[in-house]
Amino acid sequence: MRQLNQTDERRLWRVFCSVVDNFGDIGICWRLSRQLVAEHGIRVQLLVDDLHSFQRICPQISPALSGQVAEGVEVLYWPPEHSTQLNWQQLPPAAVVIEALACTIPEAYKQQMARQLPAPLWLNLEYLSAELWVEGCHALSSPQGQHALNKYFFFPGFSNKTGGLLYEQHLPQKLDQFIADKAAQQAFWQKSDIVADAFQLKISLFAYSHSQLNSLLQQWQQLPDNVLCIIPHGELADELSKQYPQLQRAGQLQLGNLCLKLMPFLAQPDYDLLLAACDVNFVRGEDSIIRAHWAGRPFVWQIYRQQENAHLVKLQAFLDRYCQQMPAQLADAIRQFYLAWNTDSELTVSWQKIYPLLPQIEEYNRLWRQQLLANGDLASNLVHFAEKKFIITPNFSQQ
Ligand code: TRH
């Protein structure tokens, strides 16, 4: 444990984010960074290697700028060649360095960290998993021999033996108020030219592709209610646009009782509202699944696919936790639909089972959300972890 001086450097946290594909990596790093600034008064530098993806979830980002400030976060472009183009020595020393989501910080920067006195707290912010082993590995350190530095593993997760999940301080109340406020919801839908009252069932469909998707769409067409299905721009929207050129032309298509509507990517806070405004949310990857939890509506998770079906083990671990306190019939229906949705299996039967249970799922999700909130939010848990490592004065987070 080290004592830091009352200097500026202890207030700087540097977050490294490499975008593998899609939006989860930058989505998580961006949320974390702005929360550290807004709620903990920390100075944050976010280094990211793909500003175009970043701009999709944060329209104020300009991909042309190598340095910019967004919502108080200093955003630096970290070129894909990584180690070469940034002059690491010109960067001020950071108190905490976060290597997010399996990215690797450049060798030149590691050498600089090793020379820094006191050395920074080096954290590896890991991917999300509900697997049990995560609890045993959370907060462990790993000596980085050649650099005489320790790296700590910080795992997000679903229990109080992990780092918890990302949520902003007032998010649950804000979303609950929005759900209770019909006028606010109407105003939200109007921004996308949607008359929400015309639909009894509103579904957001943020998903990777699925070979049986058409059978699900057919089910929705045949429901007695008017159904709205929002599809964010991206691969799935492109696939459906090829299938239905009219959808591409008009951005909207009526199929029986189902209205398909393409929607440009929303800024993250608006996506949170979309999840709260819909009756069912299909989400994918690591970040949208967690946001769907906070919305408290029924959700279905399509996990990011990995080689040799490694993702199915993670999915099972999530279902074991999520379904643990459910009545057996509900748990069976959820497990069946999740399995079908994550394996390209036939969807009709499992949808028919899950559909009438949506009100019960919503009720259960509210309780499940309470349990997860009790573990504390990931940003605050990170700050507390850093405080312990630094023996920092209580007003650390305020300065
Ligand atoms: O985009 P993803 O598929 O990201 C994935 C996963 O994170 C996966 O675990 C990771 O390994 C892989 O990328 C490389 O799904 P995810 O995680 O839900 O991220 C989507 C982000 O986009 C999330 O922060 C929410 C945000 N988003 C918006 O801000 N606006 C929108 O309109 C939509 C649809 C999403």
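For ligands, and for the atoms within them, numbers begin at 1 and follow the listed sequence.
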| query | What about V20: any of its N or O atoms under 3.5 Å from an N or O on ligand 1? | reply | no
| request: Determine whether the side chains of Q212 and E346 contain a donor N or O and an acceptor N or O closer than 3.5 Å. | output: no
| said: Is there a polar contact, in the sense of an N or O pair closer than 3.5 Å, between G24 and ligand 1? | reply: yes
| Distance-only polar pair, side chains of D21 and Y304, donor-acceptor under 3.5 Å | yes
| Identity and separation of the nearest protein heavy atom to atom 26 (C) of ligand 1 | I57 CG2, 3.7 Å
| said: Any nitrogen or oxygen of E286, side chain or backbone, less than 3.5 Å from one on ligand 1? | reply: yes
| request: Under 4.0 Å, heavy atoms only, figure out whether ligand 1 is touched by the backbone of F265, its side chain, both or neither. | output: both
| query | Should one rank I303, D287, I26 by closest heavy-atom distance to atom 25 (C) of ligand 1, which comes out on top? | reply | D287
| message | Run the side-chain hydrogen bond (donor to acceptor under 3.5 Å, both in side chains) test on S159 and E135 for me, step by step, so that the C-alpha distance in whole Å, both residues' side-chain angles and the decisive distance to 0.1 Å come before the verdict. | response | CA-CA 8 Å; S159 81; E135 296 179 351; 2.6 Å; yes
| task | Indicate yes or no: does an N/O atom of F23 lie under 3.5 Å from an N/O atom of ligand 1? | result | yes
| message | Starting from atom 32 (O) of ligand 1, what is the nearest protein heavy atom, named by residue and atom, and what distance separates them? | response | L266 N, 2.8 Å
| Can you tell me which residue and heavy atom of the protein come closest to atom 3 (O) of ligand 1, and the distance to 0.1 Å? | Y208 OH, 2.5 Å
| field | D25 neighbourhood, listing ligand 1 atoms whose heavy-atom distance to it stays under 4.0 Å | value | 14 (C)
| query | Mind checking whether W30 has a heavy atom under 4.0 Å from ligand 1? | reply | no
| query | How does S288 reach ligand 1, if at all, at less than 4.0 Å between non-hydrogen atoms: by side chain, backbone, both, or neither? | reply | both
| Do F158 and Y322 have ring centres separated by under 6.0 Å? | no
| request: Compare Y304, Y271, W301 and give the one whose heavy atom is closest to atom 8 (C) of ligand 1. | output: Y304
| message | Using heavy-atom distances only, which candidate in P59, G234, G285 approaches atom 6 (C) of ligand 1 most closely? | response | G285
| Sole residue of V280, V283, L213 in side-chain contact (heavy atoms from CB on, under 4.5 Å) with L205 | L213
| task | Give the numbers and elements of all ligand 1 atoms closer than 4.0 Å to a heavy atom of P232. | result | 34 (C)
| task | Report yes or no: do R321 and Q371 form a side-chain donor-acceptor pair below 3.5 Å? | result | no
| query | For the rings on W122 and Y109, is their centre-to-centre separation under 6.0 Å? | reply | no
| remark: In this structure, SG of C323 is separated from CH2 of W368 (nearest 0.5 Å) by 9.0 Å
| request: Please check if any side-chain donor atom of Q186 sits under 3.5 Å from a side-chain acceptor atom of D197, or the reverse. | output: yes
| said: Does either side chain, that of N342 or that of Y208, offer a donor lying less than 3.5 Å from an acceptor on the other one? | reply: no
| said: Is it the case that the side chains of Q252 and D193 hold a donor-acceptor pair, with the cut-off being a distance below 3.5 Å and no angle test? | reply: no
| request: Please state which part of D21 comes within less than 4.0 Å of ligand 1, counting heavy atoms only: side chain, backbone, both or neither. | output: both
| With a cut-off of 4.0 Å, which atoms of ligand 1 are near a heavy atom of G27? | 24 (O)
